[in-house]
Protein chains: 2
Amino acid sequence: MDFRKIDNLSVDCVLLKIENKSLKVLLRKRNLNLFTENLPIVDDWVLPGHYVLKSNNLGETANRVFEELTGEKHLNKNQFRAYGNAARINTETDLLWVRSRGATTRTITVAYYLILASNKKLLNSNGVEWFNIKNLPQLGFDHKKIITDAFDDIKSKINTEPLVFNFMPVKFTLNELQTAFEVLLDTELDNRNFRKKITSKSYIVPLEEKRKGQSKKPSRLYMFSNDVYNQIVETGYIINI
Amino acid sequence: MDFRKIDNLSVDCVLLKIENKSLKVLLRKRNLNLFTENLPIVDDWVLPGHYVLKSNNLGETANRVFEELTGEKHLNKNQFRAYGNAARINTETDLLWVRSRGATTRTITVAYYLILASNKKLLNSNGVEWFNIKNLPQLGFDHKKIITDAFDDIKSKINTEPLVFNFMPVKFTLNELQTAFEVLLDTELDNRNFRKKITSKSYIVPLEEKRKGQSKKPSRLYMFSNDVYNQIVETGYIINI
DNA sequence: TGTAAAAGCGTAAATTTAACGTTTTTAATT
DNA sequence: AATTAAAAACGTTAAATTTACGCTTTTACA
């Protein structure tokens, strides 16, 4: 195992969840205090990430980031794009930061996103914070673009892959699922039609269990069956452009 | 302009087209003849690609590859994945090849695909050849995986983005379009229903022009209007999972 | 001149979507 | 203990779309 960093290759991670009817991204506080004169002080937010170690794969590096934050292994991450423009790191702040890490100013980063269930708690919240994706703070590097690209990727897949269910706890209500769609697609959906459509799917399985106390009338819980989904999906695949 | 290579970063390009009712990929012959004993001779196929130069962006590098082959600038390429596993380059052949190029054995490659219209001729066909994607020759590195990933990406987008039209000449017949869908989705489509669906789209514009001689009855030509498409598409975006 | 085959037009049943109204069940309030 | 409000759930109907077909037209070619 070679623990040296590849000094021009990093992995950045977009963690996402839905909370209070909005989509949230996890960001890490970046600060660098230099007590010498004139130098700008770095004080903004970036995506959590790591440089890739000589004997780590890209996916392993992403796993490391995700595990440190969530405490879980084998997460269902998604690589969606690489960023490697020559001038990607060009503000004084970013240059300072990169040099302080002993890395190259031409760094290629491979970006992954991970969708968390809304009831998921972080293992380690030191220096990180959830932000509404519609109201991001000052971000370093090209991380704003990376977040936008992650979101776009999710939106483009939401209708053809069972991605939404990653935002759900194992057992969820139909209204929670509806909210997820509404947040992601940024529309309102008719509740009655939504239910009809969803309950017609064999892979969304109603449970006997109900959830009481959270709303007026107790709501039935459902779960997503990946097994059933994989049997079914092959079919519905005809032109729709 | 710094013309030195970044010795662990390359761009690989998947060029695709439809010909004779099948999907073709462009590959480059890779051979290395060493006249010293025992060393294996490299003799297989790889995707066209380039190392990234110090002052080139990733996209610029891809453009360079595409331009060299097609003679055209400003092509509508698509970045779809990065490959950077530590053991990505591990066969004797691949190691030999990489060393002969003066590059690192841990090379990260960012992959792009470009869809060509079926009537498009290459500018430069030296050492390259089109292969049916269902019948690929011996491939170097992880290029088989890269091709599969490119194809999967296209399939996943074919229903939500106007990708098919890139496979078409500017003016095309409905049957050509149908063939493209059939090849990409690997199904047969009912011609009468297909026509009905397609001709109902305002962005697929019928022309006065007809093409004679290629089939029995002359066929009407259509074109895809990107302008109209961009006006329309925003709507049809409701749950479909 | 006849014929084969791609190109094209048309219809009817089945399914899905869209747009609504109504009822049930609990938590909170009086 | 009765009342009320709101989420949860069930139901109906018209419109639109899809599916599964039958049939006609126009040319190239023998």
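Protein chains get the first letters and strands the later ones, always in sequence-line order, with residue 1 at the start of each. Hydrogens, waters and symmetry mates are skipped; everything else that's a heavy atom, side chains included, is used.
Computed from coordinates, the B:Gln214 CD to D:dT27 C1' distance equals 14 Å when rounded to whole Å. Taking atom CG of A:Leu177 as the reference point, atom P of D:dA9 lies 13 Å away to the nearest angstrom. Remark: P of C:dA6 and CD of B:Gln178 are 12 Å apart, rounded to the nearest angstrom. In this structure, CZ of B:Arg220 is placed 14 Å from C1' of D:dT25, rounded to the nearest angstrom. Distance, A:Ile204 CD1 to D:dA9 C1': 16 Å, rounded to whole Å. Separating the CZ atom of B:Arg195 from the C1' atom of D:dT18 is a distance of 18 Å, rounded to the nearest angstrom. What separates CD of B:Glu176 from P of C:dA6 is a distance of 14 Å, to the nearest Å. Rounded to whole Å, atom P of C:dT17 lies 13 Å from atom CG of A:Leu189.
Comparing D:dT26, D:dA9, D:dA28 by their closest approach to the side chain of B:Pro218 singles out D:dT26. Side-chain proximity of A:Ser215 to the nucleotides D:dA7, D:dA9, C:dG8 is greatest for D:dA7.
With a 6.0 Å radius and a threshold of 12 heavy atoms from other residues, nucleotides or ligands, A:Lys171 has its NZ atom at or below the threshold.
With a 4.5 Å cut-off on side-chain heavy atoms, A:Leu27 and A:Leu47 count as touching. When side chains are defined from C-beta on, B:Ile147 counts as touching B:Leu139, because their heavy atoms get closer than 4.5 Å. Residues A:Val110 and A:Gln79 are in side-chain contact: their nearest non-hydrogen atoms beyond the backbone lie under 4.5 Å apart. Considering only heavy atoms from C-beta on, A:Tyr112 comes within 4.5 Å of A:Leu58 through its side chain.
Residue A:Lys197 places at least one side-chain N or O under 4.0 Å from the OP1 or OP2 atom of C:dT17.
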Considering only nitrogen or oxygen atoms on both sides, find all protein atoms under 3.5 Å from nucleotides 19-24 of chain C and state each distance.
residue	atom	partner	partner atom	Å
C:dA19	N7	A:Asn193	OD1	3.2
C:dA19	N7	A:Asn193	ND2	2.8
C:dA19	N6	A:Asn193	OD1	3.1
C:dA19	N6	A:Lys196	NZ	3.0
C:dC20	N4	A:Asp190	OD1	3.3
C:dC20	N4	A:Arg192	NE	2.7
C:dG21	N7	A:Arg192	NH1	2.3
C:dG21	O6	A:Arg192	NE	3.4
C:dG21	O6	A:Arg192	NH1	3.2
C:dT24	O2	A:Lys217	NZ	3.1

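Both tests pass for B:Arg30 against the ring of B:Phe141: distance under 6.0 Å to the centre and angle within 45° of the axis.
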Given the rule in the salt bridge (Lys or Arg N to Asp or Glu O under 4.0 Å) test, do A:Lys21 and A:Glu182 qualify, once you have shown the distances and angles that lead to the verdict? CA-CA 8 Å; A:Lys21 309 220 173 196; A:Glu182 288 178 335; 5.0 Å; no
